[in-house]
Amino acid sequence: MADNRPPGTLGLDLRSPGARPCGLCGAARRMTVAHVPPQAAGNRGVVRSALVRLHNGTLANGRADAGGMWLRALCSDCNSLAGGLYDPAYADFAHEVFTRIKPGQRLALPPVRVAPGRVARSILIGMFATSPHLRAMFPELADGLSSPRSALRMPDGASLRLALHLTSYTRLSGMYNAVNWDIPNGYYDTFSEVYFRPFAWTLTPNDRVGARVGPSVPEQQGWAVVDGWLRYGDDVTAMDLRRLCPSLLPVTRHPLRTGEGRENWIEYVSDRTTTLLEGLIPSGHGVPRAQIRRSFTTLG
């Protein structure tokens, strides 16, 4: 398929229409638009996103378009599976956390009940949309996510991590690596990442660089490891969030959006494995309450 992106655009082109393998099931079909995170979590309408480009030796965003953070990377069957079974639970979770959190460096988790298996499946299906190579690396997880099952497990070599992210900046990428030589343990290594308030999610390696150079940015900041959420089936819809994440969640910003930004980071991006989108949530645009049957209830 021809590359019709503007000159200097970085990474894998997963926004143009056409047939390609589905990021989740692998079927070669015409792809549908997949919003990551789900539209019902506020990722739509006035939220603007743009491909990252390299212009005159400087990384910057291309033309920003409204409509949210999205990719043409899931077939209609896989997109419908996520939208019907899992995305409503994610949207409710995002809404309740966003409306109940209070400012602070680390925030006490709000007293809500959540469907952990459905939420984890929703974000992981979105992550598989960011890079077709995830299916090649983790085929059993992809197969499990593409058909409803009572329980799943994270594959060896990967961990799903969660933190709070409260700024208007949004980011979506596939496999990405960056190193900051000016700070100790200054590296950031992900298979996929989703920054869209009120959450930041990363699918991170747990068996590579850290053994040689120390903890990565999510490990240093104390992001929660939520691999265990996949053990819960679709029937578990009312787990206490404070039980699932007994430690306080850190409030984070993307490493490239702190301090001096990109200037001190060496970024590694591949046109074969990396999708790279950045965006902005306009002021006053919150996380809407999902118009669905409640997937969890508040406590107390």
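Because the structure is a prediction, the values reported are computed rather than measured.
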Residue pair V36, M69: steps toward the side chain to side chain contact (heavy atoms under 4.5 Å, CB included) verdict: CA-CA 6 Å; V36 186; M69 306 290 286; 5.8 Å; no

N206 side chain vs G157 backbone, donor-acceptor pair below 3.5 Å: yes

Contact summary for A89 and R118, nearest pair of heavy atoms: CB-CB, 3.7 Å

Closest contact, heavy atoms only, C22 versus C75: SG-N, 3.3 Å

Pair E267-L256, side chain to side chain contact (heavy atoms under 4.5 Å, CB included): steps then yes or no: CA-CA 10 Å; E267 300 178 61; L256 273 63; 3.3 Å; yes

Heavy-atom check, side chain of T275 versus side chain of S131, under 4.5 Å: no

Partner residues of L81 under the side-chain contact (heavy atoms from CB on, under 4.5 Å) criterion, sequence neighbours left out: L85, Y86, P148

For the student: nearest non-hydrogen atoms of P250 and G222, plus distance: CD-O, 3.4 Å

Chi angles and distances behind the side chain to side chain contact (heavy atoms under 4.5 Å, CB included) call for F196, H35: CA-CA 11 Å; F196 195 101; H35 285 78; over 6 Å; no

Nearest-0.5 Å distance, OH of residue Y187 to CH2 of residue W265: 10.5 Å

Hydrophobic cluster membership, I123 vs M175, 4.5 Å side-chain cutoff: yes

Full working for side chain to side chain contact (heavy atoms under 4.5 Å, CB included) between L277 and L71: CA-CA 9 Å; L277 291 176; L71 302 166; 3.7 Å; yes

From L124 atom CG to L160 atom CG, the distance as rounded to the nearest 0.5 Å: 5.0 Å

Flag side-chain contact, heavy atom, 4.5 Å: T130 against Y176: no

Nearest atoms (heavy-atom pairs only) where R231 meets A151: O-CB, 3.3 Å

Between CG on residue L141 and CZ on residue R153, distance to nearest 0.5 Å: 10.0 Å

Flag, side chain of N79 to backbone of V33, donor-acceptor distance under 3.5 Å: yes

Value rounded to 0.5 Å, distance of OG in S192 from CG in L172: 6.5 Å

Flag side-chain contact, heavy atom, 4.5 Å: R30 against S76: no

Cluster check Y169, V251: I/L/V/M/F/W/Y, side chain < 4.5 angstrom: no

R15 and S49, any side-chain heavy atoms less than 4.5 Å apart: yes

Distance-minimising heavy-atom pair for S159 and D227: OG-OD2, 3.2 Å

Straight-line distance of W223 CH2 to S216 OG, nearest 0.5 Å: 9.0 Å

ILVMFWY cluster, Y90 and V236 together (side-chain gap under 4.5 Å): yes

Same apolar cluster: L249 and M239, side chain cutoff 4.5 Å: yes

Pair D143 + R135, salt bridge at N-O below 4.0 Å: yes

Donor-acceptor contact below 3.5 Å, side chain N177 vs main chain Y268: no

Side chain proximity check, R197 to S168, heavy atoms < 4.5 angstrom: yes

Mutual orientation of the aromatic rings belonging to Y188 and Y195 [parallel < 30°, tilted 30-60°, perpendicular > 60°]: tilted

Listed partners of S80 passing side-chain contact (heavy atoms from CB on, under 4.5 Å), at least two apart: none

Any side-chain heavy-atom pair of L152 and R121 under 4.5 Å: yes

Atom pair CZ/OG1 of R161 and T252 - distance to nearest 0.5 Å: 12.0 Å

Any pair counted as ring pair (Phe, Tyr, Trp, His ring centres under 6.0 Å), so long as it reaches residues 112-138, sequence neighbours left out: F138-F191

Smallest separation among heavy atoms of R171 and E278, with atom names: NH1-OE2, 3.0 Å

Path from V194 to V225 over hydrophobic side-chain contacts below 4.5 Å: no

